[in-house]
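Okay, so here's the structure we're looking at.
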Amino acid sequence: MNPENSRIPKNLIRENVQPIKTTMKMKNVIITSFILALVLSSCGDKNQAPTAPPPPVLPVLAITSANTTTDAEYPAAIQGTVDVEIRPQVSGNLDRIFVDEGAYVSKGQTLFKINERPYREQLNNALASLHAAEAALINANLEVDKLTPLVQNKVVSDYQLKTAKASQKIAAANIEQAKAMVGSAKINLGYTNVTAPVSGYIGRLPKKQGSLVSASDVEALTTLSDVHEVFAYFSLGETDFINFKEQYKGSSLGDKIKKLPPVTLILADNNAYPQTGKIDMVDGQFDKTTGAITIRATFPNANGTLRSGNTGRIRLGLNHDDAILVPQSATVEMQDKVFVFTVGKDNKVTKMPITVVGKSGTNYLIKEGVKTGDQIVLSGIDKLQDGQAIQPEKSTKVAEVTNKK
């Protein structure tokens, strides 16, 4: 301890400490007062009632009826107007293949060549038999000519002449038989040259040059498809078929088919085929297994865009008079059900289930749930609650688009 400090009087120390204690007390009082003011202010805010947010402003549409067309799509299988298997009619080695897979060929064009030598020899043998039969007929004719005057002069008996005439008929019959054998040999020889029965596109070629082929082979030489026009086959259930028939006038199904509008083919890439088709056939009976009936639509295919085996969907348009339409954007789906929010007189919304029976563009065709004159919320429905109040804003522009035929 510093000796000089020990000499400071005690009364001087007390006088310096007293003002410091007083200052600290004043600071404590100020802090306490500030905290108390904050607490009182907080309590006062809690006692005041919270201000409710204003109702959201949402576009509203008054539902009206209109004439429209709905689209229904059905899976379709595409085939050429002619799809034929090319099979050999005679047995033999496949000497030549004149086409490649996928090639376009014309009617009568040679496709394959089977070894013809055995069949050419059969033809030569048949021709030889024909010549022998013709010679035999000449001998028979000579015999009849020789015996005829002898019988007339009663030199020989009538029996000999009758026998000669019978031999003459046998010789004539043998000629006919030989001619048939020649014709059959020519046909078999012609079968060694396999030609295209129609114009179209060649399929796969499972048989290669040098293969032994036969008419009894399970696998064909190839397939040939005539696709200048194609058939699109699709099926309708009983209910759809009844609705389909009721759409068009006519005393018979044939009359109704003539009045059917063109149909559209949707390809596998979801694009529409550029040319429309025409329904020209309805099957005579329903399939007992599936309960559906097959319908055929024909499409032109001059450019060969479509091939046999293609798949797609047939889009049918059905007319509806005074239909109720609701934009898809104004609906919400929950648990396989579709809902809209209707607006009441008090501007409160009600979550209403609707029954959708079709689709027209971006609109749903409604059967039950709403009626003409009802008002529905068009957008902003994701956060709406049943019974919530809104501020409606009518949108004539959306109404015009919705009711467009």
Side-chain angles (χ1 to χ4, degrees), residues 76-136 173-233 268 289 294 296 298-299 301-312:
I78 298 173
Q79 296 181 9
T81 53
V82 177
D83 284 334
V84 60
E85 290 183 338
I86 306 299
R87 292 182 174 275
Q89 299 296 308
V90 293
S91 301
N93 290 323
L94 194 60
D95 279 351
R96 296 285 302 277
I97 299 176
F98 296 98
V99 293
D100 197 2
E101 297 176 337
Y104 180 84
V105 297
S106 301
K107 181 178 179 180
Q109 181 177 338
T110 301
L111 307 179
F112 305 94
K113 183 64 177 179
I114 298 174
N115 184 12
E116 67 173 21
R117 284 175 295 178
Y119 301 98
R120 188 166 293 281
E121 293 303 320
Q122 290 179 10
L123 176 60
N124 293 334
N125 187 33
L127 289 172
S129 297
L130 175 60
H131 297 328
E134 291 173 343
N174 288 337
I175 288 179
E176 298 299 324
Q177 185 178 23
K179 286 181 178 180
M181 294 177 63
V182 170
S184 178
K186 287 182 177 180
I187 291 174
N188 288 335
L189 180 61
Y191 282 153
T192 62
N193 192 39
V194 183
T195 60
V198 295
S199 298
Y201 291 92
I202 293 293
R204 290 186 61 251
L205 299 175
K207 302 288 186 179
K208 305 305 178 184
Q209 185 171 341
S211 300
L212 181 63
V213 297
S214 171
S216 60
D217 288 344
V218 176
E219 195 171 26
L221 292 175
T222 189
T223 56
L224 181 60
S225 299
D226 180 5
V227 291
H228 74 281
E229 286 186 336
V230 295
F231 295 145
Y233 292 92
T289 304
T294 300
R296 185 184 72 190
T298 302
F299 290 84
N301 188 39
N303 295 329
T305 303
L306 302 176
R307 300 292 180 93
S308 291
N310 276 145
T311 59

- [ ] Please answer whether the main-chain N or O of N301 pairs with a side-chain N or O of T305 as donor and acceptor at a distance below 3.5 Å.
- [x] no
Open item on the list: So L189 and E116, do their side chains get closer than 4.5 Å, heavy atoms only?
Closed with: yes
Open item on the list: Nearest 0.5 angstrom please: N193 CG to F98 CZ, how far?
Closed with: 7.0 Å
Task: Side chain proximity check, P88 to I114, heavy atoms < 4.5 angstrom - done: yes
Task: Residue Q177 excluded, over 12 heavy atoms near CD under 6.0 Å - done: no
Task: Side chain proximity check, L130 to I175, heavy atoms < 4.5 angstrom - done: yes
TODO: Could you grab the distance from atom CG of D95 to atom CZ of F112, nearest 0.5 Å is fine?
DONE: 13.0 Å
Task: Within-4.5 Å side-chain heavy-atom neighbours: T195 and L111 - done: no
TODO: Using a 4.5 Å cut-off on heavy atoms from C-beta on, say whether the side chain of P197 contacts that of I86.
DONE: yes
TODO: Name all residues meeting the side chain to side chain donor-acceptor pair (under 3.5 Å) criterion together with R307; count only those two or more places apart in sequence or in a different chain, and write none if there are none.
DONE: none
TODO: Evaluate side chain to side chain contact (heavy atoms under 4.5 Å, CB included) for V90 paired with T192, printing each intermediate quantity in order.
DONE: CA-CA 7 Å; V90 293; T192 62; 4.1 Å; yes
Open item on the list: Show, in sequence, the C-alpha distance, side-chain angles and deciding distance for V194 and K113, and conclude whether the side chain to side chain contact (heavy atoms under 4.5 Å, CB included) test is met.
Closed with: CA-CA 6 Å; V194 183; K113 183 64 177 179; over 6 Å; no
- [ ] Please report the closest heavy-atom contact between L123 and V182, naming both atoms and the distance.
- [x] CD1-O, 3.6 Å
TODO: Please answer whether the main-chain N or O of A178 pairs with a side-chain N or O of S129 as donor and acceptor at a distance below 3.5 Å.
DONE: no
Open item on the list: For K208 versus L94, what's the shortest heavy-atom pair and its separation?
Closed with: O-CD2, 3.6 Å
- [ ] With sequence neighbours excluded, tell me which residues meet side chain to side chain donor-acceptor pair (under 3.5 Å) with R117.
- [x] N115
Open item on the list: Return the CG to OG1 distance between D226 and T81, rounded to the nearest 0.5 Å.
Closed with: 3.5 Å
Task: CG-CD distance between L224 and E85, expressed to the nearest 0.5 angstrom - done: 11.5 Å
Task: Separation between CZ of R87 and OG1 of T222, rounded to the nearest 0.5 Å - done: 11.0 Å
Show me, pair by pair, the donor-acceptor contacts under 3.5 angstrom made by side chains of residues 213-221, not counting sequence neighbours?
unit_1, atom_1, unit_2, atom_2, d
S214, OG, S91, OG, 3.3
S214, OG, S216, N, 3.3
S214, OG, S216, OG, 3.1
D217, OD2, S214, N, 2.8

Task: Side-chain heavy-atom pair V99, Q109 within 4.5 angstrom cut-off - done: yes
- [ ] Check A196 against V105 and note the closest heavy-atom contact, atom names and distance.
- [x] CB-CG2, 4.0 Å
Open item on the list: Tell me every residue that passes side-chain contact (heavy atoms from CB on, under 4.5 Å) with Q79, counting only those two or more places apart in sequence or in another chain.
Closed with: D83, Y233
Open item on the list: Restricting to ring-ring contact (aromatic ring centres under 6.0 Å, His included), what partner residues turn up for Y201, sequence neighbours left out?
Closed with: Y104
Task: Sequence neighbours excluded - ring-ring contact (aromatic ring centres under 6.0 Å, His included) pairs with any residue from residues 210-230 - done: none
Open item on the list: Less than 4.5 Å apart, side chain to side chain, heavy atoms only: is that true for V227 and S308?
Closed with: yes
- [ ] Determine the minimum heavy-atom distance between Q122 and N188, stating which atoms define it.
- [x] OE1-ND2, 4.2 Å
